[in-house]
Amino acid sequence: MIYKVISKAEFKRFIDALVQNNSAFGPRLVDTDSRGESVYQFQPVSSVEEIAFDYTRTASSAKHFFLPFREELSQFHFHDDDWEQNVSYEANPVVLVGLRACDISALNILDDVLLNSHFPSACYLAKRKNTFVIGMDHLPLPDCFCKSLAHHTVSTGFNLFCSDIGEKYYLSINSSKAFTYLKEFQTEEPSHEDNCLLTERRKLISRSFQTEVDVTSLPSILDIEFDSPVWEKWGAKCLNCGTCAMVCPSCYCYSVEERFNIDLKGASRNRKLYSCNLVDFAVVAGGHNFRPKNGDRLKYRYYHQHRGFAENANQQICVGCNRCGRACLAGINPKDVINDLRMEKESCMICVSQSPART
Amino acid sequence: MKRDCSIDIRHLTRVEGHGNIRITVSGGKLLEASWAVVETPRFFEVMVKGMSAERVPFLTSRICGICSISHALASIRALERAMQVTPPPAAETVRLLAMHGETLQSHALHLFFLALPDFAGTPGILPLLESHPDLVRTGLELKELGNEISIATTGRATHPVSLVLGGVSKAPSKQRLKELKEMIVKRRPALEMATGFFRTLSIPEFVRETEFISLRNGKYYPFIGGDLVSTDGVVRDENDYLQMTNEYLVDFSTSKFTRLSRQSSAAGALARFNNNSRLLGHRAHEVAASFGLEPVCHNPFMNNIAQLVECHHIFENAEILIESLLDDDRQDIRTAYKPKAGEATGAVEAPRGVLYHHMETDDDGRVVKADCIIPTTQNNANIHYDLKALAAEAVKEGKTDREIEKLCEMVVRSYDPCISCSVH
Amino acid sequence: MHDMRFAIPRQDLNREAFASSIPEFNRRSDLMKTDMGYKCRITNVVNLTDQEKLFQLRIVDPQERRIFRFKPGQFLMLELPGYGDVPISISSASSNHEFLELCIRKAGHVTSALFRTEPGMHVAIRGPFGSSFPMDEMSGNNVLLVAGGLGIAPLRAPLFWINEHRDRFHDVHLLYGAKEPSQLLFSYQFDEWKTISHIRLHTIVEHADAEWKESTGMITELFRDISIDAKHTYAIVCGPPVMFKFVCSYLDRLGIPMNRMFVSLERRMHCGMGKCCRCMVGSTFTCIDGPVFDYWSVMNLKEAI
Amino acid sequence: MKNPVYTFEKLKFASFEFTCCEGCQLQFANREASLEAFFSLLDVRTFREISSEKHDDYDIAFVEGSISRSDEIERLLAIRRQAKTLVAFGTCACFGGVNSLKNCHSMDECIAEVYPGLPVETLPIRKISDFVKVDLSIPGCPVAKKEVERIVVSLVTGSLATLPKYPVCVECKEQLNTCLFDLGEICLGPITRAGCDAVCTTGKTPCLGCRGPADDINFPAFLELVGERGLNRSDLKEKLGFYNAFEAYPCQ
Ligand SMILES: Cc1cc2nc3c(=O)[nH]c(=O)nc-3n(C[C@H](O)[C@H](O)[C@H](O)COP(=O)(O)OP(=O)(O)OC[C@H]3O[C@@H](n4cnc5c(N)ncnc54)[C@H](O)[C@@H]3O)c2cc1C
Ligand code: SF4
Ligand code: SF4
Ligand code: SF4
């Protein structure tokens, strides 16, 4: 990592050069909701003017640039009594501007799942390699709880990260590509004062969190509370609409389907992001559903997000952006669900003197 | 040449909806020639009663699968006029562009899918896919362009989603508009090729004088709103549509008949042309001239050519509209409105002719009374009397039964009737 | 204002680039096919019943054929181009490097389409995936194999293994139950198993017909006929969840340690690689941590049974 | 047929329409780029809207529209007798569609309003499955051609011909739309079956549920949501009733 500072005006020139010459996406204002709040999304941008640098958060995450909602995995071509399978790992270069620390953390988690595991996914890697990620810090919103999961800062997974230190940005340069581009622009070595400003900025961010979710020993609580009535309570509200998983930066469950092309001369194998909240997530041939109830499926999302996943024992997938909580029409959010579970736990400890025998 | 002949066509094919043709000739004399619509009525005018104005265009667009944009816009126009809502100019342009898309799509569908097989002597377009693939593809390219314009402007090719009271709920992105413009340029050769092909067809010579009714606003070739005019010199205000249509019931048809100064009148591409030809674009003019089409043309078969001429106009004008949207940086596409009581007519030029929706609302903006008069309804009487004249002429000329049947079918199709629409 | 200096160069991924960018790629996945399948020719199809067929496959490319190795209990993703892929246990001997055998029940759309295929046609396989039965660990002991219905399919591979290493095992019992006599799969192999492999075979059906001479009833009733030395017995139980629950708790009462009983779980799967998460049970993937689990793990997995 | 590996047969296909706008049939002519390939999957035996040929030896019948006259019932029964597979095509066929709004009024009232003094026959609107067994439903007002293509390909190839089981919200999120509930509107997306690519909400108008209920919907939770947001109940009722697709879920 190399550190530099850059004036805000110069930084904009730099971003402008990047977005003008590449297919680029950045936060843009798309709507104003009925409460008067601005709604942002990562949208195509072709000049720096279009980027809302002061955005709060995008409604949907940047996950789909790496793990598209729908994607073709391979193609079959039929000919002469036989077929050929073609797989291509092609991705066009993309510049992504304005990702938050938690968004980048989520990418690092996706890396763990999709790259640093038994079977690395080449289509994901192709996109990851061809995406130039520029991160930007921000002051947390009232419902952000990434600090609880230690994702309010990030030290890998981006090409460039900018911290706002007032007149200037403090740049963490994490790739030679970024370094080379920046050579064309006027940057300076951080002065002692810049370093102090950065520390202040970090402290400010850290101090500003209003929401805290206690995730300590959550995996074991989740295990113990597997049959908790909390799941039924929240399950009764869940609409099974999959919204939470779609907007989440780190939910990655999917479905694979194969289809003949309409001319029947070929077929494609396609992946579609799915959600464990959807009714048929665990349905098998013959119609048996391993998770028939809303509560089961909802529990499962939390189980997966917070109980950790097999290969990275104890690493939680959730980064604490609360996108799911905001998007959920039924008002289900990680903070309330987890707090509920903990209450369950504590009240049990208070009212039952001896641990009940579990069967 | 005393002969008998009886033609009884039930559920005429290659038209939208269900209509019957009946011709009876006895001893060389035409006894009966009739056009009867037997479509199942749906009672939209009853269905909209009590519905909130906001929802009405979504309902009325379902009157017709082909000209759903026209129906939505006719309702929207009626309701906006009734409740004094003025949509932002950018929204008006988007709507106008949508009308262009729908008309192009509908004309291409009619010319290539429905009418062309008659000239080619095939039962439908599918055999032509094998015998004249290039020609069919040309038609498809035009139709696709029409659909793409509709999709970009209204969200969907059939049953628009973003045409709403007060404007449009979503405008096409600049990127999309640029793509459309490129597509128009790319498809021009297809239109020229189609034109060249139609020039090789022999259009039946048949003339029966009638009155042509359309909208006219003096500025643009008509699509949305304007005065109601006829080639017999009638001019009326949009709200006076009833005096323009004079709907009446006949006992052999579920679709009503209309009349103005004569026994029957006609609406549609030819009527628009006859009333507004000077407002057509340059290339459209040239094409009309090359077919010898000039106002007032009384050959119903020339409606096909008038449609082709309008396609040329749409190519020219759509590009101009797209330019103006590209230049316009205003975000304003939808005006908020307060529901209120009122009453007004919205008239638009659907692909098949002038379409009226008349709406009356109460204080909550709910519809209390609605009336829809559809172009095909206005053409029914004309089709009916054309059939009589055409059959009589054909009998006199000694045409065979098969020839008479074919001519009769062709003349009905040339009106591009939209029957389910007329029985709404 | 186009300035090529700021255009990000595209990095295409070929196999080498992919391998080099993931340090452990070679160790883990070099021999595995993930997105692309191994093309196989269907060399033979045997109709076992009207619901089950045995497919014999041969990997077309000789080099790929050499590479493809699996352990008893593992499964593969079988793909019929245009229709989709399904997880199927490998039902042949792990020592058989020429052919693979898959015993497939017609259950849904992909399997139905497979039933319409004929010898000579090509399918693709990916894998092998998943955990396997610890055959080496079992050596020196008695083995109890319990199969219900289609559960015999994943048991064939360990059966072959036992036969090839018969001297390493003491008593080997196979308890096999089905609904009706006609639904007993591989009955043509029963004699071979009994006489050549010296396996004590006990069959039972729920509904007997006139010719049926063996036992009738639920599979647990077969335990009356055999004596089990709990201290020196390993068990492999495959069949519907209700069955292995019954059998395993019975064996548990007999005193067989839970970590010496093995079951094979079934869940919906779309990838086989621990990515799609469809097969997750608790925080465990059936596809990479399973499908073979010892009963202790299964007991500890929420929602496993 | 064409595919070199598998042998397929063209569908012996017929299309029929009843009370409706024929917009669904029109979709057959849309998606022009794949139209040739699409029609080469079909052996069209009867299709009045595009061809004058008429043969009664079809295997699969696509039936569009709802039923509102006795002659329609007879025609429908005859189609059922012939067709091995009968497909309810479009929202009108599947649920009755917008036409069902007529059922709020008496038939006499309808006739008096539109055909005063004429002996016009009209029955309350019914969906196709009220009269005959339906083998497959393709909902949509109009049907989404992309989905129709997929289903026809599936029917020809014998692969999976199913509809998504999840609600429209999934597809709406794929389009990165702002949720209409956040814009103060009631949207039926959370309870409506996906498959339309959320075309309405992407055009920023609420889903009216033309594709009918998704599998296993949580209707009470949906009503609660509408209540919590303080949205207009009569608006909700108007939306739920628009296509008659939520008959099974009465509100209030
Ligand atoms: C580890 C493992 C080993 C198996 N071994 C065998 C075997 O040896 N022989 C055999 O006949 N069957 C076996 N099965 C079951 C077999 O995978 C299903 O019967 C098959 O997937 C049904 O697919 P379908 O397309 O015909 O059914 P559909 O109901 O049409 O299924 C649609 C899709 O859902 C998924 N799916 C549905 N059911 C299952 C299921 N039970 N398991 C996993 N995915 C499913 C698949 O992706 C399938 O393509 C095994 C399953 C697992 C998990
Ligand atoms: S808060 Fe919700 S959306 Fe954000 S990472 Fe956690 S689970 Fe995903
Ligand atoms: S707009 Fe409608 S479909 Fe989209 S997320 Fe919101 S509720 Fe769901
Ligand atoms: S969004 Fe709703 S109303 Fe619109 S097409 Fe889809 S299902 Fe139908």
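Residue numbering restarts at 1 for every chain, and letters A, B, ... go by the order of the sequence lines.
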To the nearest 0.5 Å, what is the distance between [atom1] on [X] and [atom2] on [Y]?
X: D:N103; Y: B:F43; atom1: CG; atom2: CZ; value: 11.5 Å
X: D:C21; Y: B:R42; atom1: SG; atom2: CZ; value: 6.5 Å
X: B:R334; Y: D:K204; atom1: CZ; atom2: NZ; value: 8.5 Å

Q: For residues D:C141 and B:H159, determine if any side-chain heavy atom of one lies less than 4.5 Å from a side-chain heavy atom of the other.
A: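 With C-beta onward as the side chain, the pair touches.
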
Q | Within-4.5 Å side-chain heavy-atom neighbours: B:T158 and D:Q27 | A |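 Contact flag for B:T158/D:Q27 side chains = yes.
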
Chain D heavy atoms under 4.5 Å from [X]: which part of the residue, side chain, backbone, both or neither?
X: B:I66; answer: both
X: B:L109; answer: side chain
X: B:E148; answer: neither
X: B:P41; answer: both
X: B:E141; answer: neither

Q. Counting heavy-atom pairs under 4.5 Å to chain D, which of B:P123, B:G124, B:A157 comes out on top?
A.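 With the most close heavy-atom pairs to chain D, the winner is B:P123.
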
Q. For the candidates B:I125, B:L114, B:L126, which exhibits the highest count of non-hydrogen atom pairs separated by less than 4.5 Å from chain D?
A.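 Most heavy-atom pairs under 4.5 Å with chain D: B:L126.
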
Q.
Using a 4.5 Å heavy-atom cutoff, which residues in residues 149-156 of chain B come close to chain D?
A.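 Residues in range: B:G155, B:R156.
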
**Q.** Residue-level contacts of residues 57-64 of chain B with chain D, using a heavy-atom cutoff under 4.5 Å
**A.**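 Against chain D, the residues of residues 57-64 of chain B that fall inside the cut-off (heavy atoms, under 4.5 Å) are B:F58, B:L59, B:R62, B:I63, B:C64.
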
Q.
Checking D:E36 against B:R137 for the salt bridge (Lys or Arg N to Asp or Glu O under 4.0 Å) test, could you report, in this order, the C-alpha distance in whole Å, the side-chain angles of both residues, the deciding distance, and whether it holds?
A. CA-CA 9 Å; D:E36 269 184 84; B:R137 275 178 210 142; 2.6 Å; yes

Which atoms form the tightest heavy-atom contact between [X] and [Y], and what is the distance?
X: D:G203; Y: B:S169; answer: O-OG, 2.5 Å
X: D:E238; Y: B:M51; answer: OE1-CA, 3.7 Å
X: B:N147; Y: D:E32; answer: ND2-OE2, 2.7 Å

Hey, is the main chain of [Y] close enough, under 3.5 Å, to the side chain of [X] for a donor-acceptor pair?
X: D:T205; Y: B:V161; value: yes
X: D:K102; Y: B:V46; value: no
X: B:K143; Y: D:A29; value: yes

(Q) Quick check for you: among D:T122, D:N30, D:V44, D:D235, which has the greatest number of heavy-atom pairs under 4.5 Å with chain B? (A)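 So the answer, after comparing D:T122, D:N30, D:V44, D:D235, is D:N30.
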
Q | Which atoms of D:F242 approach chain B - backbone, side chain, both or neither, heavy atom under 4.5 Å | A |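 Interface part for D:F242: side chain.
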
